[in-house]
Protein chains: 2
Amino acid sequence: MNSKDIAKIAGVSRSTVSRVINNYPNVPPETKEKVLKVIKEYNYVPHASARMLRGKRSETIGIVIVDLKRDIHKIYDNVYFGPFTTAVIDFANQLGYKVLVITVYKVKDYKKVREVFYNKTIDGAIFIGIKNDDPDIKDLIEAGFKIAVVDQEIRDDEEDPFNKSIIVNMDNVNGAYEATKYLIGLGHTEIAHITGDMEKLSGFARLEGYKKALKEAGIPFKSRLVVKGDFVEESGYKAAYKLFKKAKPTAIFASNDQMAIGAMQALEEMGYKVPEDVSIIGFDDITISRYLKPALTTMSASLLQMAELAVVNLIKSIEEELGITAKFVVPVKLVERESCKRLNISKEKEDTEYAISMRR
Amino acid sequence: MNSKDIAKIAGVSRSTVSRVINNYPNVPPETKEKVLKVIKEYNYVPHASARMLRGKRSETIGIVIVDLKRDIHKIYDNVYFGPFTTAVIDFANQLGYKVLVITVYKVKDYKKVREVFYNKTIDGAIFIGIKNDDPDIKDLIEAGFKIAVVDQEIRDDEEDPFNKSIIVNMDNVNGAYEATKYLIGLGHTEIAHITGDMEKLSGFARLEGYKKALKEAGIPFKSRLVVKGDFVEESGYKAAYKLFKKAKPTAIFASNDQMAIGAMQALEEMGYKVPEDVSIIGFDDITISRYLKPALTTMSASLLQMAELAVVNLIKSIEEELGITAKFVVPVKLVERESCKRLNISKEKEDTEYAISMRR
DNA sequence: CTGAAAGCGCTTACAG
DNA sequence: CTGAAAGCGCTTACAG
């Protein structure tokens, strides 16, 4: 079944069939109806490749999930990429776009991405999990492809390639600042920080927010209270052990929830109770966090909103064929749960003060 | 940049360029090298649509995530579809295939699926979250498209359309049987069951396994101990309340972990302790389950293995162009954690017996 | 070993 | 309002 067959059966030319399919105005209602009837009857759908070859868009966007320095299948149970990807698919579908998912576990996997761009399989793509200033992505942007990136520094330099892409970030600095300030507000001064992957904006920006809050409160920054992680659970676990070998913080700000969970595990093994002995706050508000005992206090941004901004603006940029260069910073808010408490000055005051930090 | 340009620059014909790209044997090494150099230099990638129009496969499979009777965005934080989808993408990519993700929230969304099949965007598809005997999928199979389905009854009827597809299931009956038997082995006889969606194989097959275990142990089946759920957390929550209004089971077998989690929440609200007052076992072993307090005992099957079976056999069926009709039943095993304990005959014996049920 | 030519299934100026 | 024809960028018999 192709347009020629349909034309023959409907008693018109292929041109007319095409006009009907593309909903052109210059087709009289009766002709249109006649053709539509045949199309329906034969379950005819125009060959996508033929249309694209004639210059139609593929109406497909890619979502590129980058997870370097990890083995294959590790995003398998990733609690962050999954929800974001689903949200992207849903918003894109709503706008009539299909979504191709591409995973990048090694730098050379970027070849897959270049291919689908150059061979016109996709009209544009959203990148997540990327490090800051990634040269492979930079090249693609410079080649003129439509791209949205999540978690990328917004630079002042007008000439920077990333300025030609759509950027969607969480308000990392402010979120980290608020998280740290919250702990300070509970009376803590010995506040540790488990950092994220420092090659990513969310890694170094959250450290910056932590420092900013300390500085503002007049608490001296101590490098022994900062230990490096890389955003996965295990790194949080190891970081907590390393931390308590050289220091005795009363509170920890972990750069994401997964590391907070790993740290809580280590804390439990070392015999510290959360939040009685150590308060801990995370970042991201992943699904698991509310099921933990104690439920994890954390900083939350709307992944849904981020996905929507990326999708809507990417598609706008594709369809208007002009380089949209929007930049978005999504707000982050505190989700108080059970993993932080007021530092107890004296044992007697504990109960009442605990009650205060318990309200959700 | 197209093959004509490359041909001109390399000083050969388009035919030869094509032969090099497709790695045909009848090209002398020098010619091949010359052409390859130009291709590399100009970053040339053949237009995917043009190749497909000439009959090449799209080398893209679809993964269709069906989630009917729910609002949009609900699979957003689905703990089951996400990991499975990622696993499918990874296995497909390994075999050189791209993956298009399609969500179906309403029956009419199947239109999207038909479209990508008929317009040749995908070579085949894997369906998950489907109800048993879905007519929309049946039509697609009968139209001759290559399809793999997860969670679909394996029928004896040779003529049944689904017999022309690839089927991958968990061993639902046996898993449910083992779960129930495990509770019986702990001394329970008042064992409730929160069912899954009864339109799905995993829903009714797990009920069947539950019944089978009771029967074998000579425990009479009581309909007041069975309450309907539909595989989501909230339904487990409601089911638990309904259950305890009319009965006092000492153990619950929930048809999946999400409902078990909902039930645990309700149990806590009603003042029952898990596992001291009520034992509970789930099914699926989702990521959250091991973080719960008490950690959830559950039945686990390898999603990775299921995804691999579906992908590998679908692609085999696409490439060999013959209707592969493989059927797979993936084994399910018990994961003992903390949510079940031996029914205490007398309070005194409790401690020692609890220790037994505690080993993981 | 290599090139000229046909054709995959569409869309779209062009002519009427 | 409608059709004949060109052409998108490839691949592949065919001929040499």
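Numbered from 1 within each chain, the chains take letters A, B, ... in sequence-line order. Side chains included, hydrogens not; waters and symmetry mates left out as well; all remaining heavy atoms used.
Using a 4.0 Å cut-off between a side-chain N of Lys or Arg and a carboxylate O of Asp or Glu, B:Lys37 and B:Glu33 do not qualify as a salt bridge. The pair B:Glu142-B:Lys138 does not meet the salt-bridge criterion, since no charged nitrogen lies less than 4.0 angstrom from a carboxylate oxygen. The pair A:Arg57-A:Asp123 does not meet the salt-bridge criterion, since no charged nitrogen lies less than 4.0 angstrom from a carboxylate oxygen.
At the phosphate of C:dT11, OP1 or OP2 sits under 4.0 Å from a side-chain N or O atom of A:Arg51. Taking only side-chain nitrogens and oxygens, B:Asn22 comes nearer than 4.0 Å to OP1 or OP2 of D:dT11. Phosphate proximity of D:dT2 to A:Thr31: present, with a side-chain N or O under 4.0 Å from OP1 or OP2. Note on B:Ser15: every side-chain N or O is 4.0 Å or more away from OP1 and OP2 of C:dT2. Between D:dC10 and B:Ser3, a contact under 4.0 Å exists linking OP1 or OP2 to a side-chain N or O. Taking side-chain N and O atoms only, A:Tyr44 has a distance below 4.0 Å to OP1 or OP2 of C:dC10. A sub-4.0 Å separation between OP1 or OP2 of D:dC8 and a side-chain N or O of B:Asn2 is absent. OP1 or OP2 of D:dT12 sits under 4.0 Å from a side-chain N or O of B:Tyr24. Residue B:Thr16 places at least one side-chain N or O under 4.0 Å from the OP1 or OP2 atom of C:dG3.
Computed from coordinates, the B:Ile21 CD1 to D:dC10 P distance equals 7 Å when rounded to whole Å. Remark: C1' of C:dA13 and CG of A:Asn26 are 12 Å apart, rounded to the nearest angstrom. The interatomic distance linking B:Arg54 (CZ) with D:dA13 (C1') rounds to 9 Å, in whole Å.
Atom P of C:dA13 sits at a distance of 23 Å from the matching atom of C:dG9, rounded to the whole Å. Taking atom P in both C:dC1 and C:dA5, one finds a spacing of 24 Å when rounded to whole Å.
Relative ring orientation between B:Phe117 and B:Phe127 is described as parallel, the plane-to-plane angle staying below 30° on a 0-90° scale split at 30° and 60°.
When each of B:Arg19 and B:His47 is assigned the nucleotide of DNA chain D with its nearest heavy atom, B:His47 is the one assigned upstream, toward the 5' end.
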